[in-house]
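The chains referred to below are lettered A, B, ... by the order of the sequence lines, with proteins before strands, and numbering in each begins at 1.
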Protein chains: 2
Amino acid sequence: MSTVPAFKRLPRAVREQQMLDAAVKVFSRRGFHAASMDEIAEDAGISKPMVYAYLGTKEELFVACLHREGTRMMQAIAGAAAPDLPADERLWRGLKAFFGFVGAYRDGWAVLYRQARGEQPFAGELATMRARLVEVVAGMLDHALRAEGREIAALDLEVVAYALVGATESLADWLADHPDADPEKTATRMMNVAWLGAAQLLHGVTWHPPAD
Amino acid sequence: MSTVPAFKRLPRAVREQQMLDAAVKVFSRRGFHAASMDEIAEDAGISKPMVYAYLGTKEELFVACLHREGTRMMQAIAGAAAPDLPADERLWRGLKAFFGFVGAYRDGWAVLYRQARGEQPFAGELATMRARLVEVVAGMLDHALRAEGREIAALDLEVVAYALVGATESLADWLADHPDADPEKTATRMMNVAWLGAAQLLHGVTWHPPAD
DNA sequence: GCGTAACCTTACGCACGAGTAGGTATGCTC
DNA sequence: GAGCATACCTACTCGTGCGTAAGGTTACGC
């Protein structure tokens, strides 16, 4: 009996995206564990076995979410920061793109990111992404340094980059929690903290602990 | 039949601490959800109902852990940074205490902190703690600013403080993942990033976005 | 030396949610 | 319009782990 099928049959690729959308939404609202596959399926307007058929287990589904959102973010940043610009310009554009992304996908990114930090199975996944970011930032600093004829130990550089990335993530959290805040303004603030400090370091100014 | 009671009966206060120790350990190793009350009880050398009798449900237990560790940390920091010192000295001592704490309680703090970020029921708890830290840092900056006859909008100050706290947490994570790293050296690195940038801001140097 | 209160146990109920078995409908190809 | 692949469903199984009921044992007051 075909009393108008309530909703159309859709090709796999489309349904997969719908499922991912729903998954991101539910995971971000509930957290990984509290989210149920049933709720995700319902939110996607589909039944549970379909989710398993297309995206696999809950963990695999979460990883798929991470990948999609992560790739989107990386592309947004990479597309903005051309490698032949001066360091401060690159940093500025990268930050602008980053905060723009977070502002646009508040739900998606910020909370997935927050989720992934805590859960062991995904921490590695996330660490890889962050490592790439740290590497980019460290490379930027190193490049700028060499241009000035200076050099810092690689480890120090990495730690500085790590701190900058951490500060940025922290402001991203702040941005995600303040829906009325302006992404670009946040990027400017970050520049003020990050670049002014980094610029000092690049010019050879350093701080030393007092003898006590 | 009293064939030597395997382990002594202990007063409540002692057992509670043992339980909290075990809970911190297990939560940090497994994560909140993956941790089971059975394992915590076993690790504490006690049976499960005792845990329920003394510390309540799993959530309440976790909150108790957060409180204990959080209080310890706050005390460590507060004890180090006397309010009548100059800003950079306070910042330095605060950071030293903070990283020292993280270094000493790697298990306890770092992972509890990482856990709490993700899980909704505790995010608020954590946010309160961080808010206190941000407030302290912001107050420090504000104090230093007034001493120089300057002023920045409160919101800007808060955001800067937020970024600094974020960078610090990020390095704390790094420290927790590098057991051979030296807490004090990490604190010095943080000082280099944070203070050099902040000092610039305090002296009225700011960065402005290029017109594009 | 006996009650009573606090400490501690074993052994279970029960809900929740991941994952699946097995079956139905729809469109596409020849 | 038969056959076949693909989209899709309802309705289950079953493990896991939180929280508890009911009862044993040790210390301590009187």
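Within a 6.0 Å radius of NE2 in H143(B), no more than 12 heavy atoms belonging to other residues, nucleotides or ligands are found.
Listed nucleotides: dA18(C), dG19(D), dC9(D). Nearest to the side chain of K58(A): dA18(C). Taking the side chain of I46(B) as heavy atoms from C-beta on, and the options dG19(D), dT10(D), dT9(C), the nearest nucleotide is dT9(C). The side chain of Y54(B) has dC7(C) as its nearest neighbour among dG17(D), dC7(C), dC8(D). Each of dA18(C), dA25(C), dT10(D) was ranked by its minimum atom distance to the side chain of P49(A); first place goes to dT10(D). Here dC8(D) is the nucleotide among dG19(D), dG17(C), dC8(D) with the atom lying nearest to any side-chain atom of L10(A). Of the candidates dC8(D), dA21(D), dA18(C), dA18(C) carries the atom nearest the K48(A) side chain, counting heavy atoms from C-beta on. Out of dC7(C), dC9(D), dT20(D), the shortest distance to the side chain of S47(A) is found at dC9(D). The side chain of Y52(B) lies closest to dT20(D), out of dT9(C), dT20(D), dA18(C).
A straight line from CD of Q18(B) to C1' of dC7(C) spans 13 Å, rounded to a whole angstrom. Separating the CD1 atom of I40(A) from the P atom of dA18(C) is a distance of 8 Å, rounded to the nearest angstrom. Rounded to whole Å, atom C1' of dG17(C) lies 15 Å from atom CG of L61(A). Taking atom CE on M50(B) and atom P on dT10(C), their separation rounds to 13 Å, with Å as the unit. Atom CD in E42(B) sits about 15 Å away from atom C1' in dT9(C), given to the nearest Å. Per the geometry, CD belonging to E39(A) stands 14 Å off C1' belonging to dC16(C), to the nearest Å. Rounded to an integer number of Å, the gap from M37(A) CE to dC16(C) C1' is 15 Å. Rounded to an integer number of Å, the gap from CG of D38(A) to C1' of dG17(C) is 7 Å.
OP1 or OP2 of dC8(C) lies within a sub-4.0 Å distance of a side-chain N or O belonging to R15(B).
Checked by distance alone, R9(A) brings a side-chain donor or acceptor within 3.5 Å of a matching partner on the base of dA25(C).
The aromatic rings of F62(B) and F27(B) sit perpendicular, their planes meeting at an angle over 60°, well past the 30° parallel limit.
Between the R106(A) side chain and the G103(A) main chain, a donor and an acceptor come within less than 3.5 Å of each other. Between the side chain of K25(B) and the backbone N or O of A44(B), no donor-acceptor pair lies under 3.5 Å.
The shortest side-chain heavy-atom distance between T168(B) and F99(B) falls under the 4.5 Å cut-off.
Heavy atoms of A41(A) sit nowhere under 4.0 angstrom from any nucleic acid atom.
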